[in-house]
Structures are given as C-alpha cells and as structure tokens.
Amino acid sequence: MNFRSYMDEALAEARAAAERGEVPVGAVVVAPSGVVVARAGNRTRELCDPTAHAEILAMRAACAAVGSERLPGHDLYVTLEPCPMCAAAISNARIARVYYGAADPKSGGVAQGPRIFAHSQCHHVPEVYDGIAAEPAEKLLKDFFAAKR
C-alpha cells in the first residue's frame, strides 16, 4: 500500500484561514477509502467560538457526512500539532491516524505539554506522525504573526 499525504489540502485550508484573518491552521479528514470527507481552517474569530479550531470543525463536518459521532479508520491531517482540546476530541472521535506538520511548543497537546494521548484516561490513542510538511506550515504561522507585529 502506498502512502499518500493530504497535507497539501490542509495547507490550502490554513492559507484560506490566514486570508480571513484567522491563525493559519488547516485540517482535512480522510476516509479509509482515501476520499476527503471534510476540510476546515480555523474560524475562532469569525464564529466567535473558542472551540472553532480547524480540527474540531473538520471532525464535526466529517461526523455529519458519515452520520456518526465516531470516525474509526479515518485519518486527520492538520498543519499544526493539535492542542489539548483538539487531541481529546480526536481521541473521542476514534480517529485512526493523525498527521501533523509544525510542532507547537507553546500550546501543543500531543508531543508537547500535557501529551493527551499518553494519559491513562485517554480511551483511544491514534497513530501519530509528526513533521509532515512542517516547513511550509511553520512558515505560514511565522509570516502570519510577523505581519501582526
């Protein structure tokens, strides 16, 4: 079986988020068949919703598309290491694999900080692959914040 990355699609969502004035993070949910079932970028400011992270929005849309509160066998591609809130939601959704780009030393919840998937209370632990297209993801974030200063 050949690996196909969907990080370019997640990066496109991150760019669109930046154009809307949102922190440039994008996410894509891929079904076991390899079909993209949902995609999203951050919309916390637009929706006045602190939970409107790219991962949450993409998983909500994917769950609606498949008609289930869980996404077993699905993959999540996200441009930035998920925060603790998103990591917990990923576990609750039963996502099979998480692929992320840039590490997030300040707010990450997977390899940094609380490491949600390492807790005994975490009922489902996805496979995690980091550093996928990390450079363009980091550049988007650095350029976005540099322009704000």
Side-chain angles (χ1 to χ4, degrees), residues 1-66 71 73-118 122 124-149:
M1 183 169 133
N2 293 332
F3 172 74
R4 182 212 189 276
S5 176
Y6 293 81
M7 193 58 80
D8 286 342
E9 288 89 337
L11 284 164
E13 291 297 323
R15 285 187 208 93
E19 290 172 10
R20 293 189 303 271
E22 301 277 357
V23 175
V25 178
V28 175
V29 177
V30 181
S33 65
V35 173
V36 173
V37 292
R39 59 184 73 230
N42 276 355
R43 291 184 180 274
T44 58
R45 291 186 173 138
E46 175 187 341
L47 299 176
C48 299
D49 179 355
T51 69
H53 289 195
E55 302 95 306
I56 299 291
L57 295 174
M59 287 188 294
R60 284 178 184 161
C63 286
V66 302
L71 299 165
H74 288 68
D75 296 341
L76 175 70
Y77 287 80
V78 60
T79 58
L80 181 64
E81 176 184 352
C83 72
M85 173 186 69
C86 291
I90 289 164
S91 176
N92 287 330
R94 307 299 195 262
I95 293 285
R97 285 164 294 281
V98 176
Y99 300 89
Y100 71 84
D104 190 353
K106 181 180 170 232
S107 300
V110 175
Q112 318 285 325
R115 295 179 170 96
I116 297 299
F117 301 140
C122 184
H124 170 76
V125 178
E127 294 174 33
V128 177
Y129 303 91
D130 63 354
I132 310 294
E135 289 181 26
E138 289 170 8
K139 183 171 178 0
L140 271 173
L141 288 159
K142 286 179 181 177
D143 290 351
F144 177 82
F145 287 112
K148 295 284 184 195
R149 295 185 182 111

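What you see is a predicted model, and the numbers here were worked out from it, not measured in a lab.
Proximity of T51 to M85: side-chain heavy atoms (C-beta onward) are separated by under 4.5 Å at one or more points. At least one side-chain heavy atom of R60 sits under 4.5 Å from a side-chain heavy atom of L57. Under the 4.5 Å side-chain criterion, counting only non-hydrogen atoms from C-beta, P24 is not in contact with N42. Counting heavy atoms from C-beta outward, P126 and I90 have side chains that approach closer than 4.5 Å. The shortest side-chain heavy-atom distance between E55 and L76 falls under the 4.5 Å cut-off.
Closest of all the heavy-atom pairs between I116 and A88 is CG2-N, 4.0 Å. Among all heavy-atom pairs drawn from A58 and A40, the shortest one is N-CB, 3.7 Å. When all heavy atoms of V125 and F117 are compared, the pair lying nearest together is CG2-O, 3.3 Å. Across every non-hydrogen atom of A62 and A38, the tightest pair is N-CB, 3.5 Å. Here the closest heavy-atom approach between residue P114 and residue P84 is recorded as CG-CG, 3.5 Å. The nearest pair of heavy atoms linking E81 to G109 is OE2-N, 3.5 Å.
Between the side chain of E22 and the backbone N or O of T44 there is at least one donor-acceptor pair closer than 3.5 Å. Between the Q112 side chain and the A103 main chain, no donor and acceptor come within less than 3.5 Å of each other. Using modelled atom types, no side-chain atom of H124 and backbone atom of A93 make a donor-acceptor pair closer than 3.5 Å.
Checking V128, T79, L80, I132 one by one against Y100, the side chain to side chain contact (heavy atoms under 4.5 Å, CB included) holds for a single residue, V128.
The line from CZ of R39 to CD of E9 is 6.0 Å long, rounded to the nearest 0.5 Å. Rounding to the nearest 0.5 Å places CD1 of I95 at 11.5 Å from SG of C86. Atom CD of residue E13 and atom CE of residue M7 lie 12.5 Å apart, to the nearest 0.5 angstrom. D143 CG to L140 CG: the interatomic distance, rounded to the nearest 0.5 Å, is 7.0 Å. The NE2 atom of H74 lies 10.5 Å from the CZ atom of R97; values are rounded to the nearest 0.5 Å. A distance of 12.5 Å separates CG of L11 from OH of Y77, quoted to the nearest 0.5 Å.
Ring centroids of F3 and Y129 are separated by 6.0 Å or more, keeping the two rings apart.
Contacts of R115 classified as side-chain hydrogen bond (donor to acceptor under 3.5 Å, both in side chains), with partners at least two apart in sequence or in another chain: none.
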